[in-house]
Amino acid sequence: MHKALFQHQRELGELDLTYLALQLGLEVYRFQQSLESVAIARRIRSDFDDATRNYVTGTPTFFINNRRYRGPAQVDPLLAALTAEINRS
């Protein structure tokens, strides 16, 4: 589903989401229940608030030991940042 959401991020109204769920073969009844769930809405709000507090404005955004990684989203630079953090500990 995440790939479809990114591919269609400009068309994410509720009807569009249901259509995507159908295209992907999801159980539409269960999907609709999730869309209407208060618990899921709270979780989404919490994640959104957390992202706002941490100045996350897009994806991907990486944090290494609670510090925002600002380098390129490529394997070698990420591994170097992780290795540096491990060596710092």
Side-chain angles (χ1 to χ4, degrees):
M1 181 70 157
H2 71 280
K3 185 176 180 180
L5 290 173
F6 278 109
Q7 288 175 340
H8 300 280
Q9 59 187 299
R10 303 221 186 272
E11 312 145 8
L12 293 180
E14 194 169 320
L15 291 175
D16 299 307
L17 291 176
T18 301
Y19 178 72
L20 283 175
L22 276 169
Q23 282 186 313
L24 294 170
L26 301 180
E27 296 175 31
V28 176
Y29 175 74
R30 202 164 151 210
F31 180 78
Q32 287 289 346
Q33 280 183 317
S34 295
L35 281 178
E36 297 167 5
S37 167
V38 172
I40 290 175
R42 276 192 213 119
R43 174 62 193 263
I44 291 169
R45 172 50 65 185
S46 173
D47 287 349
F48 179 83
D49 291 344
D50 189 40
T52 301
R53 273 191 305 281
N54 288 291
Y55 305 102
V56 173
T57 58
T59 58
T61 300
F62 300 100
F63 289 85
I64 300 172
N65 276 353
N66 295 319
R67 282 190 289 254
R68 188 174 181 164
Y69 167 77
R70 296 192 183 272
Q74 298 168 345
V75 173
D76 289 337
L78 276 165
L79 285 174
L82 288 167
T83 301
E85 187 60 35
I86 289 168
N87 291 334
R88 210 181 317 218
S89 300

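- A chain of hydrophobic side-chain contacts below 4.5 Å, direct or via other Ile, Leu, Val, Met, Phe, Trp or Tyr residues, connects L26 to L35.
- Surrounding CZ of R30 are at most 12 heavy atoms belonging to other residues, nucleotides or ligands under 6.0 Å away.
- From L79, atom CG reaches atom CD of Q74 across 11.5 Å, with rounding to the nearest 0.5 Å.
- For the atom pair CD (E85) and OH (Y69), the distance works out to 13.0 Å, reported to the nearest 0.5 Å.
- Contact check for F31 versus L17: side-chain heavy atoms found under the 4.5 Å cut-off.
- More than 12 heavy atoms of other residues, nucleotides or ligands shown are found within 6.0 angstrom of CZ on F63.
- Scanning both residues, I64 and A81, for their nearest heavy atoms gives CD1-CB, 3.7 Å.
- Judged by distance alone, the side chain of S37 and the main-chain N or O of Q33 form no donor-acceptor pair under 3.5 Å.
- Summarising the local packing, CD of E27 is surrounded by 12 or fewer heavy atoms from other residues, nucleotides or ligands at distances under 6.0 Å.
- Listed for the S46 side chain is no donor-acceptor partner under 3.5 Å among the backbone atoms of R42.
- Environment of CZ in R43: sparse, with no more than 12 heavy atoms of neighbouring residues, nucleotides or ligands closer than 6.0 Å.
- A salt bridge links D49 with R45: the distance from a Lys NZ or Arg NE/NH1/NH2 to an Asp or Glu carboxylate oxygen falls below 4.0 Å.
- Taking every heavy atom of both residues into account, R68 and N54 meet most closely at NH1-O, 3.8 Å.
- A distance of 13.0 Å separates CG in L20 from NZ in K3, rounded to the nearest 0.5 Å.
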